[in-house]
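Only one structure is covered here, and it is reproduced in the block below.
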2 protein chains.
Amino acid sequence: MTRPPSRKATSQDVADLAGVSRSAVSLVLNGRGDGNIAPDKQAAIRAAAAQLEYEPNPSAVSLRSSRTRTLGVVTDAIASTAYGGDLLRGASEAAERSGHLLVLVDTHYEEQREADAYRTLRGRRVDGLLFAAMSLREYAVPEAATGVPFALANCYDPAAPQVPAFVADEVAGGRAAARLLLDAGHRDVVLLAGARDAVASTLREDGVRAELAAAGHALRTVETGWEISDGVAAATTVLTGPDRPTGLVCANDRVAVGAVLAANRLGLDVPGDLSVVGYDDDAALAAPMVPALTTIALPHRQIGEAAVARVLDDLATDPSAAGGARRTGHGTVLVPCPVVVRDSVAPPRRRASRQRAGSPSR
Amino acid sequence: MTRPPSRKATSQDVADLAGVSRSAVSLVLNGRGDGNIAPDKQAAIRAAAAQLEYEPNPSAVSLRSSRTRTLGVVTDAIASTAYGGDLLRGASEAAERSGHLLVLVDTHYEEQREADAYRTLRGRRVDGLLFAAMSLREYAVPEAATGVPFALANCYDPAAPQVPAFVADEVAGGRAAARLLLDAGHRDVVLLAGARDAVASTLREDGVRAELAAAGHALRTVETGWEISDGVAAATTVLTGPDRPTGLVCANDRVAVGAVLAANRLGLDVPGDLSVVGYDDDAALAAPMVPALTTIALPHRQIGEAAVARVLDDLATDPSAAGGARRTGHGTVLVPCPVVVRDSVAPPRRRASRQRAGSPSR
DNA sequence: CTGAAAGCGCTTACAG
DNA sequence: CTGAAAGCGCTTACAG
């Protein structure tokens, strides 16, 4: 009891207090007491452990087990985006449930840092590895990431389709976005498509086009960027041009905000004169927007959860995994995108004459 | 050389390959070779280490040194916000520079999770601890956070002023925001103040008011929330009421976006008819907005960096810190908020008659 | 049913 | 200048 309070108790301290050996302490605290240790001694051990607030030294446990109960997460920039946090949240909750902790390295898109990140993490002897992308993209799994259970979140490697990868079902999301407008009665839809070099925009466009086509309608597409300003510019062009559409599907919520902004500046009301569908369900933008944005959510949290679950599963399945996982072909899994209905979609107003600019509807 | 490639090399492997003892390997690789080990043997050891890609097992090192080279970060929700990422980025870069890694636990504002978070992290024997708040607030340092170097980022404990705390200088930020408008020639300024219960809004308001007062002007204040929709509502009221101001200081960029939205709906141009200053320099909003928002940036990255540097410093200073830090009174440090000039502020238009709604200025 | 011993991989006195 | 030994805290065969 003269142990200074600042020093953490060891199993020896517990053994001394309970009057048993360290082995007994270990057995009991690891649930292998029954049949090995007398019940009263078990109770004494537990009591001593509780009194001393004993927690096994993880370095010692790791040294013995060659497991660190730690998962490495390398991300391209995910800690710097609002919805990236959701992915991390799903991941860390899944990890925590099984007693694992996440160690995060953010590379901010710098190639050099990425190589270092894997090296650092492997050096730390993480039990598994994850690469999480800020937004959907292709990703070439580097050599440094192999030899340990590994999964991809929000990205996939076309050259290594057997690597477990968890991505949003963007095509279905695009279909859902179009369906929202179709169900409200829109026929005349333009897609503010985002940047063409992003795979998400291509996939979403495929979905929107397919759904519209199935209903017998053509789709007009305008390539944009991903920012509010891109939405303003593109929407201004579309809304002042010929054949003004009654509905807009936007590449993401930021573009949708830009579209609303542009509409307002032109004296057009959303959703009265124009319906707008966003994408992402960005917490800072979609719900708080006026009008609140109807949008397609990205299942980032589930993606994070599923990716960690997979790594943990591989770890449990393959006892030798910590030293070099063998993976069999499993491939990419598509996680559905929930539809979030709010206030930016309404039936198209009967097209009479062009709405007069300058009569804001509220 | 028959070592399977999946097994990581140990110092024994290196010693065998170099033909020396493990001690020699340790000495050389830890920079204490000179004067102890013959130069040619040193070279042999380094070569062997490189060839085997030897990396010391961190569990073994930790067990011996009782240092994990790991810092625990508990956050209230920081991983779920865009600018929270900046804080984490600053923190992890500072940590990395000295060979430390960050382990992050996000509590999502759940009290219970917070207690668990500290417990988990302490159980992992982190060398130091940080609490990082998503936005400026007071924070009662819990018992579980003591006994190890500790710092607060983006928050402070009024009951424990000696705890190192790093926060933005919001008063100076508020002054700077007002100064921007004053310098452009505005006299008639309204503050869309955010929620009154937040300490940031109070501090910013003090700054704005002080700067205006020093110039001989009064300040009108409207309490709002923090979201786009709050900005829309408040700005609509202010802009349609008597004594329409020529300049608006907004509690944050989201409110500023709402203010611009409201102005546009009323047919008012920003910055032609109304100047708007934001706060936060939110990456998704400020620069991409149309017009790009002039705003006051939050120095989140520096805050994260400084907090980690402080913990690391305490760790280095106090050799017994890992087991129970003794801290002397240091208190809170204010980090300045940079001014970011973009396009949402202009000189006030000579007040003639009210600008006609419905003539968008571009 | 229980305790003594070995060993995970490292570093640091301590002998030679 | 170098190697053998001890020990960090744990768990798991292995004797008793």
Side-chain angles (χ1 to χ4, degrees), chain A residues 3 7-45 48-49 52-69 99 122-125 127 319-320 322-323, chain B residues 3 7-45 48-49 52-69 99 122-125 127 319-320 322-323:
Chain A
R3 182 179 66 81
R7 217 204 91 216
K8 297 225 51 157
T10 69
S11 68
Q12 186 60 258
D13 295 325
V14 177
D16 291 347
L17 182 57
V20 299
S21 72
R22 277 153 68 215
S23 352
V25 172
S26 174
L27 251 17
V28 170
L29 264 23
N30 288 305
R32 310 198 327 163
D34 289 342
N36 285 321
I37 313 287
D40 57 322
K41 296 223 168 181
Q42 291 199 36
I45 289 168
L52 298 176
E53 298 181 40
Y54 170 67
E55 289 179 296
N57 182 319
S59 301
V61 174
S62 292
L63 185 55
R64 183 127 224 299
S65 65
S66 48
R67 283 278 153 84
T68 55
R69 301 197 81 74
R122 296 301 295 277
R124 290 287 183 137
R125 309 297 200 272
D127 293 337
S320 79
Chain B
R3 181 178 66 81
R7 215 204 93 215
K8 295 225 51 156
T10 69
S11 68
Q12 186 61 257
D13 295 326
V14 177
D16 291 347
L17 181 58
V20 298
S21 72
R22 278 154 66 215
S23 352
V25 172
S26 174
L27 251 16
V28 170
L29 265 22
N30 288 305
R32 310 195 330 161
D34 288 342
N36 285 319
I37 313 286
D40 57 321
K41 298 224 167 181
Q42 290 199 36
I45 289 168
L52 298 175
E53 298 182 40
Y54 170 67
E55 289 179 298
N57 181 318
S59 300
V61 174
S62 291
L63 185 55
R64 182 128 225 295
S65 65
S66 48
R67 282 279 152 84
T68 55
R69 301 197 80 76
R122 296 299 297 275
R124 290 286 183 136
R125 308 299 199 271
D127 293 337
S320 78

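A note on names: the letters A, B, ... follow the listed sequences, proteins ahead of strands, and every chain is numbered from 1.
Residue-level contact check: A:Asn36 touches the bases, meaning some heavy atom is under 4.0 Å from a base atom. As judged by a 4.0 angstrom heavy-atom cut-off over every strand, B:Ala24 is placed among residues making no nucleic acid contact. At a threshold of 4.0 angstrom between heavy atoms, the contacts of B:Ser11 are confined to the sugar-phosphate backbone, with no base atom among them.
The CD1 atom of B:Ile37 sits 13 Å away from the P atom of C:dT12 (whole-angstrom rounding). Atom pair B:Asp40:CG and D:dC1:C1' shows a separation of 11 Å (rounding to whole Å applied). B:Asp16 places its CG atom 12 Å from the P atom of D:dG3, with the value rounded to the nearest Å. C:dC1 atom C1' lies 11 Å from atom CD of A:Gln42, rounded to whole Å. Protein atom CZ of B:Arg125 is 15 Å distant from nucleotide atom P of D:dC8, rounded to whole Å. Protein atom CG of B:Leu29 is 10 Å distant from nucleotide atom P of C:dC10, rounded to whole Å. Atom-to-atom, CG of A:Asn57 to C1' of C:dC8 comes out at 13 Å; the value is rounded to the nearest Å. When the C1' atom of D:dT2 is taken as reference, atom CD1 of B:Ile45 falls 10 Å away, rounded to whole Å.
Between the side chain of B:Ser23 and the base of D:dA4, at least one donor-acceptor pair of N or O atoms lies under 3.5 Å.
Between A:Arg22 and A:Leu27, the residue anchored closer to the 5' end of DNA chain C is A:Leu27, taking for each the nucleotide with the nearest heavy atom. Heavy-atom nearest nucleotides on DNA chain D were determined for A:Tyr54 and for B:Pro39, and the one closer to the 5' end corresponds to B:Pro39. Each of B:Gly35 and B:Leu63 was assigned the nucleotide of DNA chain D with the nearest heavy atom; the assignment lying further toward the 5' end belongs to B:Gly35.
How far CZ of B:Arg125 is from OG1 of B:Thr68: 9.5 Å, rounded to the nearest 0.5 Å. Between the CG atom in A:Leu29 and the CD atom in A:Glu55 there is a gap of 11.0 Å [rounded to 0.5 Å]. The NZ atom of B:Lys8 lies 9.0 Å from the CG atom of B:Asn57; values are rounded to the nearest 0.5 Å. For the atom pair CD1 (A:Ile45) and OG (A:Ser26), the distance works out to 9.5 Å, reported to the nearest 0.5 Å.
Listed nucleotides: D:dT2, D:dG3, D:dG9. Nearest to the side chain of B:Val20: D:dG3. When distances run from any side-chain atom of A:Lys41 to the nucleotides C:dT2, D:dC10, C:dT11, the shortest one goes to C:dT2. For A:Ser26, taking side-chain heavy atoms from C-beta onward, the closest of the listed nucleotides C:dC1, C:dC10, D:dT11 is D:dT11. For B:Thr10, the side-chain atoms get nearest to C:dG9 when compared with the rest of C:dG9, D:dT12, D:dT11.
With a 3.5 Å ceiling on both atom-pair distances, the Watson-Crick or G-U wobble partner of D:dT2 is C:dA15.
No donor-acceptor distance shorter than 3.5 angstrom exists from the side chain of A:Gln12 to the backbone of A:Arg22, with no hydrogens or angles considered.
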